[in-house]
Amino acid sequence: MPVMTYREALKSAMVAEMERDESVVMLGEDIGIYGGTHLITDGLFERFGPKRIIDTPIAEGGFTGAAIGMAMAGLRPIVEMMTWNFSFLAADQIIQNAAKLRYFSGGQVTVPLVIRGPNGGGVQLSAQHTHSLEGFYGHFPGLKVVSPVTPHDVKGMMLTAIRDPNPVIFLEAGALYGTKGEVPEGDFAVPFGEARVAREGRDISLIAYGRQVNMVLKIADKLAAEEGVEAEVIDLRSIRPFDEGTILESVRKTNRAVVVQEQWRYYSVASEVAALIQEQAFDHLDAPVERVSGEEVPAPYARNLEVAAFPSEQQILDAAHRALYRKV
Amino acid sequence: MATEIKRPSTGAIQGAFHDGTTPRTGPDSIHPPLDHVDVGAGTISATVAPPSVGDEGLPHETLREMYRLVALARAVDERMWQVNRAGRAPFAVSGQGHEAAQIGAAFALDRSKDIVLPYYRDLALSLAFGLTASDLMMSVLAKAGDPASGARQMPAHYGSARLRIVTASSPVSTQLPHATGTAYAAKLRGTGQVSLACFGEGGSSKGDFHEACNFAGIHKLPVIFFCENNRYAISVPQNLQMAIDNVADRAAGYGFPGVVVDGTDLLAVHQVVKAAADRARRGEGPTLVEAKVYRFTPHTSDDDDRTYRSPEEVKAWRARDPLALFEARLREVGALDDETLTEIKGRIKSEVNEATEAAEQAPFPDPTTFDRHVYAER
């Protein structure tokens, strides 16, 4: 199976859909001749021309609104947020318009729109370039929200996103653009609403999404090698729709759960997962559900401060030990 | 407390119609007084459209249809307030005073294919694009038959996919970027459609306005930005909204023409929007049209406009009611006589009564459907 970087896999999905469907257009800052500030659109301008690869003014609300209009008129626009942090400028268009237009048209209008870009931290860009917005966007009915972490999934989920008739918030693991993985040839759309069991195990469920999945997989290997504990790792990957079944099935098997996320704890995805487990798998639990989250500070710039602000492998290991009633 | 309000000065030209050569005040005024506030001087770059003349060569049948729609819009609007005040509708927001501008604009478009993105005062525009009195009463009374949303959205958020009326959000001006998108799609696909997006002068303060005009100018999009300047954003008068006379002056900053037109002069608006639509269809890009109007009613049924403007002021403006002005014009050019007028008015009265009756009899939405239409199925 071919090996690709996350970046290449992402691009290959968009290229394939643009080749297949001429209604797919792309808008964003510096996505044209420059190829995107993260080189996601490198070469697309030459390939598809300025009418379909649209370099925009620095006006997130304006170009997101334009994309909504395009979508209502039958195009399938993909908006690049240079980083998701800039999407706050477009929040009214995303939340008040894209997410509600279908409902407020009684089903007459569809908004087949993908908004994509790097999300999360870990690359020393400080707080105005560092947010994990899964919980924020996941809150709003009318949006679909996904957070793929492997090259395989970023391609498969982008194929699904572009074909979806609803607005899709596509949160890329910005720190992982250069990571490699196996990506099948051809068309393999990964459906939304299905979590991925990234590692099977029977002793404890480690639940994460985004770049924390890779950290959690390392911890799982460590637990197996050093303590004989077989952890099951769940990559949520689809935040809305949310796969409750896979989480519950896992916890009913392992009876213990740790949820890991980069975003802040309050009102977060991990809180949602923990609530789900206590509501629907309470009798299966042998320990309280643990949450490991980002610290309650804006993301700092200095490497050591940034590391201190995000979940560490040690914190995840400690949480697993608490859930396993092992000495921390 | 409201600040002191300056009254209209009879005979004085209002600055808004200043074209850079015509005196702002004095006997040479090109229009009767339309403004009551001293707006900033600023540089005036918009074109000022001349008043219309006679029937402007339009078939009298068309003129009568225009008149019927202005009068129907007024009648539906008044009925909305009545049912609200009678406690049968939670909310009303209206466009009384704007109707002529909207009908002038609508008839300048190709109503069989163009796209309109109205705002909440565009009752008349929406009627001209095919919504009916019954449709509107269904919205007002929150009935399942509301064509915009099945009573999920508030009234006056006009929408119909079939009629190419694109629904807008309550936060103002977000439809302006949408219009650049619909116009971009039309241009990309060569459909020849023009998009007309409406907003008030208050809405022109928002970033959405700037960002939409900027984007439209860059791509020379077939879009008309149609500002219905009624002098007040809820209570805030124009001179506290902007430091310039004309919203249309801003077009210069985006690389396309701005035109100011008397929004009480239906045929003048028609001429201006026709020229803008022709220009858009020729591929020459957007136009910003500013129709100067006046809002006769409070902002909404939840607003008391006596706190910020005097009844005398409203009365003075009602003397220039566009409905009456258009009626007088049509009589003058021989397009309307007593008999026809009686017939039209009678028809409207029954139409509005029947629409109200039908909407009052119609069912509310089935409560079990409250969560339908959140997501599209594949």
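- Neither the backbone nor the side chain of His157(B) comes within contact range of chain A; no heavy atom of the residue lies under 4.5 Å from a heavy atom of that chain.
- Going from atom CZ of Arg240(A) over to atom OH of Tyr375(B) covers 4.0 Å, rounded to the nearest 0.5 Å.
- Residues of residues 166-182 of chain B lying under 4.5 angstrom from chain A, judged on non-hydrogen atoms, are Val166(B), Thr167(B), Ser169(B), Pro171(B), Thr174(B), Pro177(B), His178(B), Thr180(B), Gly181(B), Thr182(B) in numerical order.
- Proximity of a side-chain donor or acceptor of Gln108(A) to a complementary backbone N or O of Ala148(B) within less than 3.5 Å is detected.
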Candidate pair Met154(B) and Phe104(A), rule side-chain contact (heavy atoms from CB on, under 4.5 Å), full reasoning: CA-CA 9 Å; Met154(B) 292 169 81; Phe104(A) 275 179; over 6 Å; no

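- At a 4.5 Å heavy-atom cutoff, the contact between Ser160(B) and chain A is made by backbone and side-chain atoms alike.
- Interface remark: of the candidates Arg152(B), Arg162(B), Glu211(B), His373(B), His373(B) forms the most heavy-atom pairs closer than 4.5 Å to chain A.
- Close approach to chain A, defined as a heavy atom under 4.5 Å from one of its heavy atoms, is seen in Ala185(B), Leu188(B), Arg189(B) of residues 185-198 of chain B, taken by number.
- The CZ atom of Arg372(B) sits 8.5 Å away from atom CZ of Arg102(A), with the distance rounded to the nearest 0.5 Å.
- With a threshold of 4.5 angstrom between heavy atoms, Ser105(A) approaches chain B through its backbone and through its side chain.
- Looking at Ile54(A), only its side chain comes within 4.5 Å of chain B, counting heavy atoms on both sides.
- Proximity to chain A (any heavy atom under 4.5 Å) is restricted, for Pro147(B), to the backbone atoms N, CA, C and O.
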